[in-house]
There are 2 protein chains.
Amino acid sequence: MAPPETKKPEPEPGPKPEPGPEPEPEKAHPKKATPYHHGDLRRAILTAALDAITADGPAALSLRDLARRAGVSHAAPAHHFKDRTGLLTAIAAEGFGLLAGTLGEATDLKDAGVRYVRFAREHPAHFQVMFAPGLLRPGDLELTTARALATDALRTSVSAVRSEDFGIDTRLAGIAAWSLAHGFATLLLGHNLDGPVGDKDPEEVFRTLATTLFRAH
Amino acid sequence: MAPPETKKPEPEPGPKPEPGPEPEPEKAHPKKATPYHHGDLRRAILTAALDAITADGPAALSLRDLARRAGVSHAAPAHHFKDRTGLLTAIAAEGFGLLAGTLGEATDLKDAGVRYVRFAREHPAHFQVMFAPGLLRPGDLELTTARALATDALRTSVSAVRSEDFGIDTRLAGIAAWSLAHGFATLLLGHNLDGPVGDKDPEEVFRTLATTLFRAH
DNA sequence: CGGCAATCTTGTCAGTGTCAAGTTGGGATG
DNA sequence: CATCCCAACTTGACACTGACAAGATTGCCG
């Protein structure tokens, strides 16, 4: 969207399929239906997008730039993601899937919170996009199902705590836990806690925090 | 950035200074140095931007569109805000100023939290931009001072609670309170709490939440 | 009254997202 | 093995954008 930043005046397309030998269509899992010419353009663009978002945020993302990085034409991404919104929606859906996975392995509510924060730190690009509704396709099926999965996982962790422990109904406890973890993660990613947290391990800070706030009264 | 959405094919410039009488340079406060031709372009663009962001998010914001709404040429905004980042930075700075103001009137920590949530609901555009670091000019003076003001106001509210009440040091209590309020506000604006909160008053929900979590142990 | 500086306009350029139409090549079908 | 089909990709175009440079307008101040 902004042309001021000179980026890649180099005419060479970069690390593409070598001109000499064939582009080696082998994959990690032998079968799995290797898509086509590029090898796995969809995945390549996704990871390139994640890198770009991690570095400069979702706003700076450019489909044409991603295409250049992958060594394909400017319109190639459209075939896999329809448009910019589609790409970001795919990223968000993937993120909710990953989140649901890690939340599903949580032993209790506090552990779920710690996992939530860890997820945000390990997948900052996913996390940012997941909670930027203006960038996503609202009705998308993959997105809504993945989000529902993550919500369910969170709800399961919440329902595991007996309500008498907090003198608070389960629904409210869920909102509280989610708010605490989400706020901590968001402020952390935005470097708003760099001062207070300092060089301490953020997950450890959050653990003490959650322990103190949520201990039995 | 995206030309697909047809917006305003109407050739007429809209509600501009009427061609017949003069553009009536009167202001609310008689003096105050009415800037120039437009009356108060800077303010006009700011409020137009806030409207646009509230409606479609910061990503959809277009300087040229704001200029059209204000009835000025496409390059007019640049003179007041330098560039897109400058405009968003100005909005964020204004937001931190407003937030500092309302936090400064808080009676205690819980009240500060409620005010934080209320601010996010009453100024959603400001709030979104304030915590989107990728859209702001990092070193901007107005921004950093306004942010410091808001941080101080929050710190004051936190330090008002005696640490023995929570068995937790003040710094940690601050992080906890901020995380809780910020997470709640963020999830609320992203419509992630529409289900759980329902049609109840969000501020009231947050109040019970904070009361339960932060009551003396 | 003359200049001056802030305000705004006009014109231009590189870059972007999206669409439409063409090209390529691998796999299935006969 | 020949053929066709269709997904993957390319090429080209269009409307739009942010940013910059240079010129025009206008109120104010000496």
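- The phosphate of dC8(C) (OP1 or OP2) has no side-chain N or O of R42(B) nearer than 4.0 angstrom.
- Protein atom CG of D83(A) is 4 Å distant from nucleotide atom P of dT18(C), rounded to whole Å.
- OP1 or OP2 of dG17(C) lies within a sub-4.0 Å distance of a side-chain N or O belonging to S62(A).
- Across all strands, A76(A) comes closer than 4.0 Å to base atoms (heavy-atom distances).
- In this structure, L135(B) atom CG and dG18(D) atom P are separated by 13 Å, rounded to whole Å.
- For D140(A) and R147(A), the salt-bridge test fails: no basic side-chain N is under 4.0 Å from an acidic carboxylate O.
- What separates CG of L87(A) from P of dT16(C) is a distance of 15 Å, to the nearest Å.
- The nucleotide whose nearest atom lies closest to any side-chain atom of S73(A) is, among dT18(C), dT10(C), dC9(D), dC9(D).
- In this entry the distance linking NE2 of H79(B) with C1' of dA5(C) reads 9 Å, nearest Å.
- Under 4.0 angstrom from either OP1 or OP2 of dG18(D) there lies no side-chain N or O belonging to K82(B).
- Rounded to a whole Å, the CG atom of L63(A) is 15 Å from the P atom of dC9(D).
- Spacing between atom CZ of R43(A) and atom P of dA8(D) amounts to 16 Å, rounded to whole angstrom units.
- In the interface, the side chain of H74(A) is not paired with the base of dG15(C) through any donor and acceptor atom under 3.5 Å apart.
- No side-chain donor-acceptor contact under 3.5 Å links R69(B) to the backbone of I45(B).
- Between H80(A) atom NE2 and dT10(D) atom C1' there is a gap of 13 Å when expressed in whole angstrom units.
- Put simply, CG on L66(A) is 10 Å from P on dT16(C), counting in whole angstrom units.
- Counting atom types as modelled, R64(A) pairs no side-chain N or O with a base atom of dG15(C) as donor and acceptor under 3.5 Å.
- An OP1 or OP2 oxygen of dT17(D) is reached within less than 4.0 angstrom by a side-chain nitrogen or oxygen of R68(B).
- Checked against a 6.0 Å centroid threshold, the rings of H182(B) and F131(B) count as neighbours.
- When atom types are taken as modelled, the side chain of T85(B) and the backbone of R137(B) share no donor-acceptor pair closer than 3.5 angstrom.
- Listed candidates were dA19(D), dT10(C), dC9(D). Nearest to the side chain of L41(A) is dC9(D).
- Across dT18(C), dT10(D), dA19(D), the shortest atom-to-atom separation from the side chain of V72(A) is found for dT10(D).
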Exercise. Run the numbers on L99(B) and M130(B) for side-chain contact (heavy atoms from CB on, under 4.5 Å), then give the verdict.
Key: CA-CA 10 Å; L99(B) 180 60; M130(B) 287 160 64; 3.9 Å; yes

